[in-house]
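A short worksheet on the structure shown next.
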2 protein chains.
Amino acid sequence: MAASTLTEVARLAGVSPATASRVLNGSARKPGEDIAERVRQAAESLGYVPNAQAQGLAKSSSGLIGLIVHDIADPYFAAVARGVQAAAREQHRMVLLATTGGGPAEEREAVAAFAARRADSIVIAGSRSCRDEDKEGNAELAAELDRYCRNGGQVAVVGHPVVGATAPEGYHVVKVPNQELAGRLAAELARSWDGDFVIVGGPEGLLTSDDRVRGFQEGLDKAGRRPAEVLRSAFNRSGGYDAGLELAARIKAAQSGDAHATAKLCIFAVNDVMAIGAAAALRSEGLRIPRDAAIAGFDDIETLRDFRPALSTVRLPLEDIGRLATLATGPRSAGDAAEAASPGGITGEVTLRRSTEAAA
Amino acid sequence: MAASTLTEVARLAGVSPATASRVLNGSARKPGEDIAERVRQAAESLGYVPNAQAQGLAKSSSGLIGLIVHDIADPYFAAVARGVQAAAREQHRMVLLATTGGGPAEEREAVAAFAARRADSIVIAGSRSCRDEDKEGNAELAAELDRYCRNGGQVAVVGHPVVGATAPEGYHVVKVPNQELAGRLAAELARSWDGDFVIVGGPEGLLTSDDRVRGFQEGLDKAGRRPAEVLRSAFNRSGGYDAGLELAARIKAAQSGDAHATAKLCIFAVNDVMAIGAAAALRSEGLRIPRDAAIAGFDDIETLRDFRPALSTVRLPLEDIGRLATLATGPRSAGDAAEAASPGGITGEVTLRRSTEAAA
DNA sequence: CTGTTAGCGCGTTCAG
DNA sequence: CTGAACGCGCTAACAG
């Protein structure tokens, strides 16, 4: 009761399997139109569906592209995934999805699984970590990727290269100017904001977070402001919420204290989701934005754009990032075309909105 | 320069490929521990990665599960995808992702592609459509699914069966009580809301939308309220926004009109994303919620929970839905276990929040 | 232009 | 308990 095979189609059409293969798949040479039609009819009537596994085995190329994310329900990754999916579709490839929660060990597992499935390429979308506890995991991940590339696989990493990875043939990095953009955000904010700044960052060692923190501090410095204090918490909504609670307590203390000359705080959360969490915490403590504190994020997540007060942030073309990563691992021409389309690589845009307006 | 094969491992270990296969994969028969260790060492030193394509060919079972969504960046689908992914991972299966934009023709394509890859099962997460224009597409999709099931594939559809599909062996439907829940939402709203209701629905013929519209009307009826007018627009944020603009105009007209006795409107958008769009439109027209109008959604999308005013909605366990669909298509035991775990199937919960509070 | 042959890498009978 | 042979479905070299 299994699906019908090419051989069966060929038999029904009264030709050899090779001929059937030539007409049903884009072979270089075209059989006669008369016989071709017969084969097509046979295939149709049998409901023939080619076995991609067998094709892959024979051609050693699967048409599969593996995508590794921390969490597909996180809108950041969902947006990147959309780009990957769209580009894959254009290239007639299919996306294999793996979610890892961000641990290098699980990422290594995912790479191995993709390698086993003979995925033609792999896109790693999640932020890299260089924490000590991840050191071993990173090394193993690097080794796995290295082997994968040596076997002809293509890899694209968003943001930073995998820590410790040598850069073999077929290893691409889609650079995201997190640091520079965070610096520009700081510069723009410094223009309209007199008070102090606080940064709500992810765990130390998360490269994306670290870049944004560093860039923001640089921006402040160039604007002649003193460095911001950095609060560390989880790189998600709940981390932002925790940090927000802490900040709310401080703000309320300052407000009720005698030294109420303390200027208002501007909070920079290293991503939008954390910023929303922090904002929720402030609100739950009875504070209002931007009256009692300003807040800015990073990424410009689409779903969050209707949030009020509108969140100041840095727009990142997440979909393009996914698309670019995919194209980089695709056929030669596609990668070049992508490079030609956006020569400088990914770029973002500081977007100031209501949440950081100085007016009380 | 390709990956090393089982044969190479066997040669290095000085055994036959069959033996190597037996030790490296969970075969029924266990070779001697001494030789097993030698094989493992050889595999390790060669960096052997089994070829899943070949395994699949030999065993005719790929360990792949195909997931079809309208748009992976839509938080609804992203949440379902997370559940599917999690369940797949537990079963040591991998997820193949396809996004179709909702058209039956593209869904058919996706099913065919999954079938070609010999996915063991397919989960279809997007709402079904019974519009006339989709009739032909639905029929072809149904035929494709039918064939897939006949060839031993497992299918799970979230919400409604594919229109026109016979229900072959291996065809499961994860039922979602949209109608009943919408009815309960209407009932609860009717308790605290005196004014009229308006429904912002998706295009007519979108089954999920239709169910929610119908259920809401039923709920109103049972509560002794008159039926709500139904506005139709796209089943996404932008559709909600369009409808919101229209409603804003009406509300403003009513407010400035002499007959200002017109009671306030309560808007029910058939999903959260549309509700947020509608809310944004009202706001952009200078109206406030719930002062000038109340609004409720459906789904309880996680990312939207920090939205203010907090959105009244119906909580749907999206992740569980994905998980259940996946388990239903899995090994016999898994499906039964899932059924045992939630015997009545999916259930939701009406959640009233600030956006529909009657107090001005 | 078509048919035949030989693998792709692995699981799984069968003998030994 | 091990090894040799065959087949999974298809493509790519040859031969006709």
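Bear in mind the structure is a predicted one, so any value in this text is a computation, not a measurement.
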Worksheet entry | Contact nearer the 5' end of DNA chain D, comparing A:Ser4 with B:Pro17 |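 Of the two residues, B:Pro17 wins.
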Worksheet item: If you pin B:Lys59 and B:Gly14 to their nearest nucleotides in DNA chain D, which one's is more 5'?
Response: B:Gly14
Is the phosphate of [N] approached by [X] (side-chain N or O, under 4.0 Å from OP1 or OP2)?
{"X": "A:Ser21", "N": "D:dC10", "result": "no"}
{"X": "B:Gln55", "N": "C:dC10", "result": "no"}
{"X": "B:Thr19", "N": "D:dT2", "result": "no"}
{"X": "B:Asn25", "N": "C:dC10", "result": "no"}

[atom1] of [X] versus [atom2] of [N]: gap in Å, rounded?
{"X": "B:Leu57", "N": "D:dC6", "atom1": "CG", "atom2": "P", "result": "19 Å"}
{"X": "A:Glu8", "N": "D:dC10", "atom1": "CD", "atom2": "P", "result": "9 Å"}
{"X": "A:Arg118", "N": "C:dG9", "atom1": "CZ", "atom2": "P", "result": "8 Å"}
{"X": "B:Arg38", "N": "D:dG3", "atom1": "CZ", "atom2": "P", "result": "9 Å"}
{"X": "B:Leu24", "N": "D:dT2", "atom1": "CG", "atom2": "P", "result": "14 Å"}
{"X": "A:Gln53", "N": "D:dC8", "atom1": "CD", "atom2": "C1'", "result": "10 Å"}
{"X": "B:Leu6", "N": "C:dT12", "atom1": "CG", "atom2": "P", "result": "12 Å"}
{"X": "B:Arg22", "N": "D:dC1", "atom1": "CZ", "atom2": "C1'", "result": "8 Å"}

Worksheet item: Are the side chain of A:Thr326 and the backbone of A:Gly322 linked by a donor-acceptor contact shorter than 3.5 Å?
Response: yes
Worksheet item: Can you check whether A:Arg128's main-chain N or O pairs, donor with acceptor, with A:His160's side chain at less than 3.5 Å?
Response: no
Discussion item. Applying a 4.0 Å non-hydrogen cut-off, can you work out what A:Thr5 is touching in the nucleic acid: base, sugar-phosphate, or nothing?
Written reply: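 Contact class for A:Thr5: sugar-phosphate only.
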Practice prompt. Tell me, with the steps shown, if B:Leu96 and A:Leu64 meet side chain to side chain contact (heavy atoms under 4.5 Å, CB included).
Written response: CA-CA 9 Å; B:Leu96 270 172; A:Leu64 254 27; 4.2 Å; yes
Discussion item. For B:Leu97 versus B:Phe114, what's the shortest heavy-atom pair and its separation?
Written reply: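 Smallest heavy-atom distance, with atoms named: C-CZ, 4.4 Å.
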Discussion item. Under a 4.0 Å threshold between the charged nitrogen and the carboxylate oxygen, would B:Asp146 count as salt-bridged to B:Arg150?
Written reply: yes
Discussion item. I'd like to know if B:Glu8 pairs up with B:Arg11 as an ion pair, taking the criterion as any Lys NZ or Arg NE/NH1/NH2 lying under 4.0 Å from an Asp or Glu carboxylate oxygen.
Written reply: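 Salt bridge: no.
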Item to complete: Show your reasoning for whether side chain to side chain contact (heavy atoms under 4.5 Å, CB included) applies to A:Tyr76 and A:Val69.
Response: CA-CA 10 Å; A:Tyr76 171 90; A:Val69 297; over 6 Å; no
Worksheet entry | Residue B:Ala18, side-chain atoms from C-beta onward, closest of C:dG3, C:dT12, D:dT11 |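 Between C:dG3, C:dT12, D:dT11, the one nearest the side chain of B:Ala18 would be C:dT12.
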Discussion item. Any residue in residues 44-52 of chain B with a heavy atom nearer than 4.0 angstrom to DNA chain C? Just list them by number, or reply none.
Written reply: B:Tyr48, B:Pro50, B:Asn51
